[in-house]
Novice: 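Please find one structure pasted underneath; my questions will follow.
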Amino acid sequence: MHPHRVLFIPELLGIILGFVGEDDYVSNARVCKQWSEVTLDIIWREVDDLSRLLTLLRPYKIKGRHNFFDGLPDSRDWARFQKYANRVRILRFQQDSDVDYSGLLDDMARTRTTLDMLPNLHTLEWVYEDVDCMERATLFMHQRLRHLIISAPPLRHKDRVSFFLDVCVRAPHLHSLDLRVPYRAQHIETAILELLRGLPDLKKVIFPEFFLTSSIVSELSRMKHINIVQFEYGHEQGFGEEKDVDTFAPVLEQGAFPALWDLAVTARIEHVMRFMNADFAPVNLTSLYINTYVEHEPEELHTLFVSLSERCRRLSQLYVLLAHHITGQLELVPANQITFNTLTPLLSFPNLVTFQVTHKYPVNITLEGIEELACRWPSLESLSLNEEPLVMHEFTLDLRALVPFARHCPKLRRLGLFIDAKPATIPLTLELKPFAALRFLSVGTSRARDPEAVAAFMSHLCPRKCKLEIGVTWTSFGVRSCRVLDDDVRIEISKRFHSWKSVKDILPVLIQLRREEREKSRALQEEVEDLRTRTRLLMDKVDIKANDSCIIA
């Protein structure tokens, strides 16, 4: 049989073949020449293993940690290599101290027949540890490269600016830059400024935490196309020093940030307010992430929300991480708790659909406050209301807090609440309306007293694809002192984790049972309605015959 013509449209064929397993690629490549070309494009589009690419050129030998070609590549090797190299769009490499590819890369550099070894490469990820490996990253850079994920030069490398200038010359039209630095911003700030000046087409930057200093943000504000400024946490991205952003005061000129819509900063709240209230501030933001490790009072947070609601009318996503805590000092200070009054300005944002706040103390909000919040915020799509406080024994909410969001927020996909889930407060399930779109329910450091009863109640509310998230994220961000938790805190979190783990295991089974019950109930209702309709038709038919009778009394 001849295949359908639709299977010869390259774009559609590529989409279809993209869903098959790697084991089927060889079979697909043998169907015909066109299928072979599309399959090879899929196979070589992303290369995560540098040795896989090097083997294309010529076989090589391994001696200890060093690798050597069995002979210098010639023009025939390069002609064969180019057939596959032209298909590579993404190359990812992370240096392994046990394997050294420097000899192979040097031979490639000496013998190549074209300047661009991977001419269609648009994304390069090159994470290295030493200077030699750093310098070889430039072999794969060219004018058409658009996305670069790269380490900063090692701290012992004297002239860090020279490497970044080389990047600017070889790949001047980058659209995104993800820079990973294992040391503080102070040591490389000048080099980063030179790098930014040499990349005028940049649209997105990702730096380690504490790297968005006043000078760097000032430089970014002058770039015409920047629309996303972010930082990432963790060892892979790099750890900076909080001292470098202790004062956040970028200089903004007329026309600053003409395209910015997503901004993440680590700064004191008062500095953020000063920045957002300044002339030429980026008031057209749609997403704002604020991170601070300084103690702040709820009144400051309330003032920030009021200011943002007046200045940033387009804001749709707001994240506030108040990460200050001192190991060994975790006693509740009620005056420093976030309250419903602190949050009320959020209801003044015309477009806000996502809000997240993290704090060491539980939010002091009642069920009545939750009801009002949910009732006045029907467009809500994601809400994380400090579900993982480190002071874990002061509860104002229980399982009933889920009900208003299910009733009033049909678009809600993610919900995070700190609750005391206990059987005594579980309401009657007959009046419950299940969530329409919920995909993630995060309980953080909440408490579950009776896992079976809690799971039974939640099965009435949670959709089939909803995932229960438990645990904390405190140890994954911030300065080193913030990532360390008290022993008693860790022990209590572990106890609560095990209770919620039982809920998590039981919940999918109960949700499926509820679903089957609802389907059976629906089928019975349909059958009853059908029988009622049939009965009504029969009765109508009997009445009609009686009226049509020709017998005269």
Side-chain angles (χ1 to χ4, degrees), residues 4 6 15-16 19 353-354 367 370-383 397-417 419 421-443 448-470 500-549:
H4 196 283
V6 72
I15 294 173
I16 294 169
F19 286 99
V353 295
T354 296
L367 285 172
I370 288 291
E371 179 73 36
E372 183 176 351
L373 193 70
C375 185
R376 295 176 59 186
W377 208 347
S379 61
L380 190 62
E381 296 179 6
S382 177
L383 176 67
L397 301 177
D398 51 52
L399 283 169
R400 291 175 291 178
L402 301 175
V403 179
F405 292 107
R407 184 184 303 126
H408 300 296
C409 304
K411 298 179 181 179
L412 191 63
R413 297 193 307 271
R414 174 183 287 274
L415 177 62
L417 291 176
I419 57 177
K422 51 186 179 181
T425 58
I426 294 178
L428 295 175
T429 58
L430 296 178
E431 301 178 358
L432 296 181
K433 177 183 178 181
F435 285 99
L438 196 67
R439 291 293 175 266
F440 301 96
L441 177 60
S442 179
V443 293
R449 303 282 189 96
D450 185 342
E452 292 79 9
V454 171
F457 168 73
M458 292 174 61
S459 67
H460 288 275
L461 287 174
C462 297
R464 182 169 57 91
K465 295 183 179 180
C466 181
K467 294 182 180 179
L468 186 65
E469 295 181 341
I470 51 182
W500 282 108
K501 180 67 167 55
S502 299
V503 176
K504 189 174 182 179
D505 292 339
I506 300 169
L507 187 58
V509 178
L510 294 180
I511 291 175
Q512 181 63 27
L513 288 175
R514 300 292 183 209
R515 185 185 178 196
E516 292 175 359
E517 287 177 1
R518 284 193 291 268
E519 290 177 352
K520 289 179 181 178
S521 176
R522 192 180 303 113
L524 286 173
Q525 288 178 353
E526 291 175 355
E527 185 176 350
V528 169
E529 287 299 322
D530 181 62
L531 290 173
R532 285 176 177 170
T533 302
R534 290 172 180 268
T535 302
R536 191 162 49 249
L537 290 173
L538 286 173
M539 293 298 294
D540 290 344
K541 190 174 181 181
V542 170
D543 290 340
I544 291 170
K545 284 185 177 180
N547 293 335
D548 289 345
S549 176

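Scope of the values below: all heavy atoms of this structure, side chains included, with no hydrogens, waters or symmetry mates. These numbers were taken from a predicted model, which means no experiment stands behind them. Position 1 is the first residue of the sequence, and the numbers go up from there.
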Novice: Checking side chain to side chain contact (heavy atoms under 4.5 Å, CB included) between L441 and each of L417, L415, L412, which is the one that passes?
Specialist: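 Answer to the side chain to side chain contact (heavy atoms under 4.5 Å, CB included) test with L441 among L417, L415, L412: L415.
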
Novice: With sequence neighbours excluded, tell me which residues meet side chain to side chain contact (heavy atoms under 4.5 Å, CB included) with L510.
Specialist: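 A455, A456, S459, I506, L513.
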
Novice: Less than 4.5 Å apart, side chain to side chain, heavy atoms only: is that true for M458 and L399?
Specialist: yes

Novice: Measure the spacing between CG of L468 and OG of S442 and express it to the nearest 0.5 Å.
Specialist: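 Those atoms lie 8.0 Å apart.
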
Novice: Does the side chain of F457 reach to within under 4.5 Å of the side chain of D450, using non-hydrogen atoms?
Specialist: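 In short, these two side chains do not touch, never coming nearer than 4.5 Å.
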
Novice: Report the distance from atom CG of L507 to atom OG of S502, rounding to the nearest 0.5 Å.
Specialist: 12.0 Å

Novice: For the atom pair CG (L537) and CE (M539), what is the distance rounded to the nearest 0.5 Å?
Specialist: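 Spacing of CG (L537) from CE (M539) equals 11.5 Å.
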
Novice: Considering all heavy atoms of both residues, which atom of I511 and which atom of R464 are nearest to each other, and what is their separation?
Specialist: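 Between these two residues, the closest heavy atoms are CG2-CA, 3.5 Å.
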
Novice: So, taking the atom named NZ in K504 and the one named CD in E469, what distance separates them when rounded to the nearest 0.5 Å?
Specialist: 7.5 Å

Novice: If you take all heavy atoms of P410 and A437, which pair is closest and at what distance?
Specialist: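 Heavy-atom minimum between the residues: O-CB, 3.6 Å.
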
Novice: So, are E381 and K411 salt-bridged, with charged N and O less than 4.0 Å apart?
Specialist: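 Here E381 does not pair with K411 in a salt bridge, since their nearest N and O are not under 4.0 Å apart.
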
Novice: How close do S379 and V353 get, counting heavy atoms only, and between which atoms?
Specialist: O-CG1, 3.5 Å

Novice: For a quick test of reading the model, state the closest non-hydrogen atom pair linking P463 to F435 and the distance between them.
Specialist: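 In terms of heavy atoms, the two residues are closest at CG-O, 3.5 Å.
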
Novice: How close do F405 and A374 get, heavy atom to heavy atom, and via which atoms?
Specialist: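 In this case the closest contact between F405 and A374 is CD2-CB, 3.7 Å.
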
Novice: CG of L402 to SG of C462: how many Å apart, nearest 0.5 Å?
Specialist: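 Answer rounded to 0.5 Å: 7.0 Å.
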
Novice: Could you list the residues that satisfy salt bridge (charged side-chain N to carboxylate O under 4.0 Å, His left out) with R439, not counting sequence neighbours?
Specialist: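 If we apply the salt bridge (charged side-chain N to carboxylate O under 4.0 Å, His left out) test to R439, skipping adjacent residues, there are no hits.
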
Novice: Hey, could you give me the CZ/CD distance between R400 and E371, rounded to the nearest 0.5 Å?
Specialist: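 If I round to the nearest 0.5 Å, the distance is 11.5 Å.
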
Novice: List in chain and number order the residues that pass salt bridge (charged side-chain N to carboxylate O under 4.0 Å, His left out) with R532, two or more places apart in sequence or in another chain; answer none if no residue qualifies.
Specialist: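 R532 satisfies salt bridge (charged side-chain N to carboxylate O under 4.0 Å, His left out) with E529 only.
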
Novice: Please evaluate residues L383 and L373 with respect to the criterion side chain to side chain contact (heavy atoms under 4.5 Å, CB included), reporting the C-alpha separation (whole Å), side-chain torsions for both, the decisive distance (0.1 Å), and the verdict.
Specialist: CA-CA 11 Å; L383 176 67; L373 193 70; 4.3 Å; yes

